[in-house]
Amino acid sequence: MSKNVVNFNAGPATLPRPALERAQAELLDFAGTGISVLEHSHRGKDYEALHDHTISLLRKLMGIGDDYHVLFMQGGATAQFALLPMNVLRPGESADYVVTGSWSKKALSEGKPYGTLRVAATTEEGGSFKRIPKQDEIDLDANARYVHITTNNTIMGTQWHWLPETGDVPLVADMSSDILSTPIDVSKFDLIYAGAQKNIGPAGVTIVIVKKSFLDGANTNVAKVFQYAEVAKANSLLNTIPTFGVYLVRNVLEYLDERGGVPAMAEHNRSKAALLYDAIDENSTYFACPVAKEDRSLMNPVFRLPTEELEAKMIAEATEAGFIGIKGHRSVGGLRVSMYNAMTLEGVQRFVDWMKEFARANPV
Ligand SMILES: *Cc1c(COP(=O)(O)O)cnc(C)c1O
């Protein structure tokens, strides 16, 4: 993000400026080797040291135990929608999905060719998703192979602020848009996946954190490059990996670590979200947040204005003022202000001031 632009894009999203500056400074000569990280063999010791360090940073930041594999894969979260059931659902087994938005719906539809997937709960009421279900609305099958949730609904602007009780059934989560944003107890999950391009780094790297025991008895009739156990066995170096993507993930993780890690990010994220939601709630005849208050996302606040004309005007004028990416997803309309870890408090403060001014200048 350059100094004059505040980038609220939903993903790929803004990255910490120091992580980008470091990449710029190191681009031509990686770690004193005289060549760019882009030019290193993924099998060489210099890349390997970076690779292992990046994995250990993620383990440290998230408190991932030795009973978990940390994998780098490709294909984004979308590939995981299929790879998850492909790997772990055996003939006759089924899995439960809690459907809270467009991405969980897609996880369900992309996974269906690989097994029986049940909808344990959905909050698609009247065609839109405005909340997270309550525990007693979730109809869990005690024999399910896993329960899938989407921890932050990037498009809908809702987020799980608690975890469902699933008994002995393994919990699996798509954390693409809130991984590393707030402390989580990894041991509560058997598998976590996330595309990097929202909170971790650039597009092209997908993180998979999987409990080793979750892969016991997993399917082996899966091509190796798509098989969690094989990718783990090869330390995610089964084939050529997006090395530069991993390098940028390293820069972002080191930056987070220096800034106090995930607890510091959580505080930072709460402060930013409070600024924006307070501005909305203080002028509730003008701004309206369409989702349940207790389920509001700290990462992707969404809101509406009194008319679609005003929304279009606000988006156009915001862009001119240097606030980019505030148009809501095409499927829901309205506005969306994505504020992942890398978004600065100052960026949100500037936008909130501008937004209040817009409301004053454009009364209804
Ligand atoms: C962006 C996003 C996806 C899709 O990610 P790709 O990397 O494009 O496949 C899936 N789930 C969630 C929650 C997302 O935010």
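Just so you know, ligand 1 is whichever comes first in the structure, and atom 1 is the first atom listed for that ligand. The first residue in the sequence is number 1, and the count goes up from there.
Salt bridge status for E254 with R22: present, with a side-chain N to carboxylate O gap under 4.0 Å. Look at E311 and R336 and you find no salt bridge, because none of the NZ, NE, NH1 or NH2 atoms lies under 4.0 Å from a carboxylate O.
A distance limit of 4.0 angstrom between heavy atoms and ligand 1 selects the residues G76, A77, T78, F81, W103, T150, N152, T154, D174, S176, S177, Q197, K198.
Remark: the S338 side chain and the N300 side chain contain an N/O donor-acceptor pair separated by less than 3.5 Å.
Between Y97 and L117, the closest side-chain pair of non-hydrogen atoms falls below 4.5 Å.
Note that CG of N251 is 11.0 Å distant from CG of L256, once rounded to the nearest 0.5 Å.
Taking the centre and axis of the six-membered ring of F214, the NZ or CZ atom of R145 falls inside the cone set by 45° and 6.0 Å.
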